[in-house]
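Working notes for the structure below.
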Amino acid sequence: MHSFLYRANAVLTFSVMVLAALCAMASFSDYLNVPSPNAYLKVVNINWLQKQPNGNDEVSLKLDISADLQSLFTWNTKQVFVFVAAEYATSQNALNQVSLWDGIIPSREHAKFTIQTNNKYRFIDQGSNLRGKDFNLTLHWHVMPKTGKMFVDKIVITGYRLPETYI
Ligand SMILES: *[C@@H]1O[C@H](CO)[C@@H](O)[C@H](O)[C@H]1NC(C)=O
């Protein structure tokens with residue numbers, strides 16, 4: 001009897017240790033995942049560039065957004081929030097960041113996509129600085145885990161320019 005209880009206890013202890021080790025390895029494996037996302041952003045068309053009655057410039061544009069974010073997904077990923085922003089400098093602000101589009105990617109299967117869209121959010125400058133303005137497009141992502149810390153990063157694509165005149 002003594003020997004039976006002793007053995008049962010030993011088996012139980014061993015199982016708990018194995019389980020703990022598996023959990024530790026699983027969370028650690030999330031840190032070992034080195035993602036290699038890529039993105040392609042293109043301005044297909046400048047629909048218009050206008051000065052609003054209040055004096056602020058606004059531009060409407062059509063974008064091609066193509067991304068492969070599948071490598072961001074691990075066993076521990078709940079979803080990925082993604083957004084495209086225009087970034088540019090003015091004399092008032094070293095960095096102006098305007099969100100143009102966003103989306104939520106629920107799973108790895110949806111993480112490779114190509115869409116063509118007009119800007120979902122308005123691209124308005126605080127002033128009349130947009131004519132002939134150089135800007136970058138950035139694709140940002142927030143990886144929301146089931147457990148642990150959120151992880152954010154971005155891809156910057158440089159070298160875009162707005163028209164010299166209102167159109
Ligand atoms: C675009 O990004 C590059 C590299 O990050 C940076 O050096 C440059 O100043 C940016 N250009 C604009 C217009 O923000």
Side-chain angles (χ1 to χ4, degrees), residues 28-167:
F28 187 61
S29 73
D30 208 31
Y31 289 94
L32 291 183
N33 180 50
V34 180
S36 53
N38 57 62
Y40 171 75
L41 303 169
K42 183 180 173 199
V43 177
V44 181
N45 190 41
I46 303 290
N47 302 323
W48 45 263
L49 168 60
Q50 294 290 329
K51 190 200 270 282
Q52 298 175 323
N54 64 13
N56 291 338
D57 280 354
E58 177 171 2
V59 63
S60 164
L61 41 78
K62 183 178 280 184
L63 295 171
D64 266 351
I65 304 167
S66 185
D68 182 350
L69 304 179
Q70 285 185 316
S71 62
L72 297 177
F73 281 80
T74 68
W75 66 277
N76 190 31
T77 307
K78 191 159 102 197
Q79 61 184 23
V80 172
F81 173 70
V82 60
F83 70 96
V84 171
E87 296 182 352
Y88 62 98
T90 55
S91 47
Q92 298 98 313
N93 299 303
L95 176 65
N96 297 272
Q97 189 184 65
V98 184
S99 178
L100 301 179
W101 174 88
D102 64 10
I104 288 173
I105 305 172
S107 68
R108 187 184 170 87
E109 290 70 51
H110 295 92
K112 191 172 176 178
F113 60 91
T114 300
I115 61 162
Q116 185 169 96
T117 177
N118 285 321
N119 51 303
K120 175 173 165 187
Y121 303 110
R122 296 174 72 182
F123 186 169
I124 301 175
D125 180 55
Q126 289 171 331
S128 51
N129 302 299
L130 293 187
R131 282 168 299 165
K133 178 58 71 185
D134 289 318
F135 67 105
N136 289 338
L137 286 176
T138 52
L139 182 88
H140 298 248
W141 57 86
H142 296 183
V143 180
M144 297 171 185
K146 289 175 184 150
T147 64
K149 268 177 30 182
M150 187 168 89
F151 164 74
V152 310
D153 205 352
K154 66 177 177 178
I155 286 177
V156 181
I157 302 179
T158 62
Y160 302 91
R161 183 179 208 130
L162 289 169
E164 303 290 337
T165 55
Y166 293 121
I167 54 167

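Just follow the structure's listing: the first ligand is 1, and inside any ligand the first atom is 1. Sequential numbering from 1 along the given sequence is applied to the chain's residues. Predicted model, so just to flag it, every value in this text is computed and none were measured.
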query: Less than 4.0 Å between atom 9 (O) of ligand 1 and some protein heavy atom, yes or no?
result: no
Of all protein heavy atoms, the one nearest atom 5 (O) of ligand 1 is Val156 CG1, 4.4 Å
The protein heavy atom nearest to atom 13 (C) of ligand 1 is Asp134 O, 3.5 Å
Handout entry: Stepwise side chain to side chain donor-acceptor pair (under 3.5 Å) check, Asn96 with Thr90
Key = CA-CA 7 Å; Asn96 297 272; Thr90 55; 3.1 Å; yes
Got more than 12 heavy atoms from elsewhere within 6.0 Å of NZ, Lys120? yes
Glu87 heavy atoms within 4.0 Å reach ligand 1 at atoms 14 (O)
Give me the ring orientation class for Phe123 and Phe135: parallel if the planes are under 30° apart, tilted from 30 to 60°, perpendicular past 60°.
perpendicular
If you scan protein heavy atoms around atom 11 (N) of ligand 1, the nearest is Asn136 ND2, 3.0 Å
Are any non-hydrogen side-chain atoms of Asn76 and Thr147 less than 4.5 angstrom apart? yes
Between the CZ atom in Phe81 and the CG atom in Asp102, the distance rounded to the nearest 0.5 Å is 4.5 Å
shortest atom 4 (C) of ligand 1-to-protein heavy-atom contact is with Thr158 CG2, 4.1 Å
